[in-house]
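As structure tokens, the structure follows; a few thoughts come after it.
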Amino acid sequence: MEPVRLGLVGIGKIARDQHFPAIAGNDRLNLVATASRHGRLDGVDGYHDIAEMVSATALDAVSLCTPPDGRYEQALIAIEAGVHVMLEKPPAVTLSHVEALVAAARKAGVSLFATWHSREAAGVAPARAWLADKRIDAVRIDWKEDIRRWHPGQEWILGPGGFGVFDPGINALSIATEILPRELFVESASMDVPEGRASPLAASILMRCGSAEVRAEFDFLQTGPQTWSIEVDTDAGTLRLTQGGSVIQLPGEAEQTAPDEEYARLYDRFADLVAERAIDVDLRPLRLVADAFLIADRRVTEAFAF
Ligand code: NAP
């Protein structure tokens, strides 16, 4: 089969760090064009925006690496042109937008893949398998990183639809919804939004999974050690996922890890979906964030500058 002719949209940090190498390493994909107002990749035709790219190039698929606000409009342009679409996380800024994209993709007969890269971390599949027959007693999620280190100058993250600390925090929720054997429900939440900004720098969510409490702490001002961990207490002991899900420790056993293949796996899956013209969209992580925003007790905290 001929490789999928792919366009990459939004040449920023994640496009360069992860998407470009993963696409280059996949012989079922051929990167033929990019669309970005300022970014270019050497040796690849560059366009200003997706509309220009789609009308000027014969493309089978696009992968969107832009910020979530604006992605709905970009995805719709591709879908209506009969082009398959892969979305970075979070897939859009509202649930309605994602649902509308699913309907549009069905109508056009194209693939739509809402990716959750953290679900591809090495410890996630084994955690899901181990937890499947356990009684869940309690869950603790700690997702704490330094916004200045990982998102330098990304003003959009604290704007409306930028998700704030949920930009990384939704990764934890994508893992939790994947590994826990029952659905999660938000019971209460609090958020710290810096003065003059729209999105939170810190948040706490209390959720429930069956009778178990799930406590999640998100912090974007964590200096020193960075923490991306999920601990699950069960009737058979505590499972620990650390380093964003890439390290797993089962009770009484040594830590296990494997090389990072998150984006290689996402693109392999996308090539499969394109071949089948299939849709893979799981809204649960976005729904939990939306529920937290609906119910949250908001505090205005001191102004923040990058
Ligand atoms: P970024 O460095 O700011 O890059 C996003 C690119 O999108 C920009 O370079 C910009 O390129 C383009 N863009 C289009 N519309 C934009 C707008 N209204 N505001 C700002 N940029 C706009 O962001 P990123 O870190 O790559 O994140 C992009 C997406 O990837 C987010 O959804 C994020 O959650 C996800 N992600 C990020 C990471 C990470 O570690 N950074 C990890 C996993 C996933 P032009 O100016 O050239 O158009």
Side-chain angles (χ1 to χ4, degrees), residues 7-23 33-42 44-54 62-78 85-94 97-98 101 113-121 124 143-175 197-201 218 220 222 226 228 243-246 260-267 270 281 283 285-286 289 306:
L8 193 59
V9 184
I11 306 304
K13 185 172 188 315
I14 201 64
R16 290 180 195 282
D17 289 358
Q18 296 286 354
H19 289 255
F20 182 56
I23 296 164
T34 62
S36 209
R37 296 161 308 180
H38 310 94
R40 291 276 183 280
L41 293 175
D42 285 347
V44 184
D45 287 346
Y47 297 88
H48 179 267
D49 56 52
I50 186 166
E52 199 181 292
M53 178 177 78
V54 166
V62 294
S63 176
L64 305 189
C65 313
T66 47
D69 194 9
R71 240 190 256 145
Y72 164 73
E73 292 78 4
Q74 295 156 6
L76 208 53
I77 289 170
V85 175
M86 170 163 151
L87 302 167
E88 249 300 352
K89 45 61 54 171
V93 286
T94 69
H97 278 147
V98 189
L101 289 180
F113 183 22
T115 63
W116 299 108
H117 68 86
S118 292
R119 286 185 176 171
E120 306 301 331
V124 173
W143 226 254
K144 300 178 175 181
E145 65 179 59
D146 184 350
I147 185 174
R148 292 186 175 96
R149 176 165 163 199
W150 302 102
H151 305 273
Q154 290 182 355
E155 296 283 343
W156 61 264
I157 268 194
L158 294 175
F163 286 77
V165 74
F166 289 108
D167 178 79
I170 203 168
N171 296 334
L173 299 173
S174 75
I175 295 175
R197 302 278 188 171
S199 295
L201 268 182
F218 306 93
F220 234 162
Q222 167 101 341
Q226 307 285 287
W228 300 281
Q243 296 184 36
S246 61
D260 173 8
E261 293 180 344
E262 292 180 16
Y263 280 81
R265 289 184 191 179
L266 289 181
Y267 275 102
F270 187 45
V281 174
L283 274 171
L286 182 61
V289 173
F306 278 92

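Just so it is clear, the model here is predicted, and its values are computed rather than measured. Start at 1 and go down the list; that is how both ligands and their atoms are numbered.
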So which of L87, I50, I14, D49 gets nearest to atom 26 (O) of ligand 1, if we judge by its closest heavy atom? I14
The answer for which part of H38 has a heavy atom under 4.0 Å from ligand 1 is both
How close does the nearest protein non-hydrogen atom get to atom 2 (O) of ligand 1, and which residue and atom is it? K13 N, 2.9 Å
For the 3.5 Å polar cut-off, considering only N or O atoms, please tell me whether D167 and ligand 1 meet it. yes
Would one find an N or O of G39, backbone or side chain, under 3.5 Å from an N or O of ligand 1? yes
If you compare P152, C65, P90 by their heavy atoms, the one closest to atom 28 (C) of ligand 1 turns out to be C65
Which one of R37, E155, H151 has a non-hydrogen atom at the shortest distance from atom 18 (N) of ligand 1? R37
One residue to check: I11. Relative to ligand 1, which of side chain, backbone, both or neither has a non-hydrogen atom less than 4.0 Å away? backbone
How about L8 and V44: do any of their side-chain heavy atoms sit closer than 4.5 Å? no
Heavy-atom contacts under 4.0 Å between R71 and ligand 1: side chain, backbone, both, or neither? side chain
One finds that the ligand 1 atoms under 4.0 Å from a non-hydrogen atom of S36 are 11 (O), 45 (P), 47 (O), 48 (O)
Would you say ligand 1 has an N or O under 3.5 Å from any N or O of W150? no
Judged by modelled atom types alone, do H19 and E88 share a side-chain donor-acceptor pair under 3.5 Å? yes
Contact between G70 and ligand 1, counting heavy atoms under 4.0 Å? no
Could you identify the single nearest non-hydrogen protein atom to atom 44 (C) of ligand 1 and state the distance to 0.1 Å? E88 OE1, 3.3 Å
Within the 4.5 Å heavy-atom criterion, are P68 and H97 side-chain neighbours or not? no
State the CD-CD1 distance between Q18 and I23, to the nearest 0.5 angstrom. 11.0 Å
closest protein heavy atom to atom 29 (C) of ligand 1 is T66 O, 3.6 Å
Heavy atoms only: which of Y263, W156, F163 is nearest to atom 3 (O) of ligand 1? W156
Give me the nearest non-hydrogen protein atom to atom 25 (O) of ligand 1 as residue plus atom name, then the distance to 0.1 Å. Q154 NE2, 2.9 Å
Parallel, tilted or perpendicular: which describes the rings of F270 and F113, with under 30° parallel and over 60° perpendicular? parallel
With a 4.5 Å heavy-atom cut-off, do P91 and Y72 have their side chains touching? no
Are any of the side-chain heavy atoms of V62 and M53 separated by less than 4.5 Å? yes
Atom 12 (C) of ligand 1 has as its nearest protein heavy atom G10 CA, 3.9 Å
Please identify which atoms of ligand 1 are closer than 4.0 Å to at least one heavy atom of P68. 32 (O)
When every non-hydrogen atom of S63 is compared with those of Y267, the smallest separation belongs to OG-OH, 2.7 Å
Assign the ring pair W150 / W228 to parallel, tilted or perpendicular, where the plane angle (0 to 90°) is split at 30° and 60°. perpendicular
Quick one, F220 and E145 - any side-chain contact, counting heavy atoms below 4.5 Å? yes
Nearest non-hydrogen protein atom, atom 8 (C) of ligand 1: G12 CA, 4.3 Å
To check your reading of the model: name the closest protein heavy atom to atom 20 (C) of ligand 1, its residue, and the distance in Å. P67 CG, 3.6 Å
Does only the side chain of W116 get under 4.0 Å from ligand 1, or the backbone, or both, or neither? Count heavy atoms. neither
Using a 4.0 Å heavy-atom threshold (strictly under), name the region of H117 that reaches ligand 1: side chain, backbone, both or neither. side chain
When the ring centroid of H151 is compared with that of F306, is the distance short of 6.0 Å? no
I need the minimum non-hydrogen distance between S174 and S118, along with the two atoms involved. OG-CB, 3.9 Å
Between D45 and Y47, the two heavy atoms sitting closest are CB-CE1, 4.0 Å
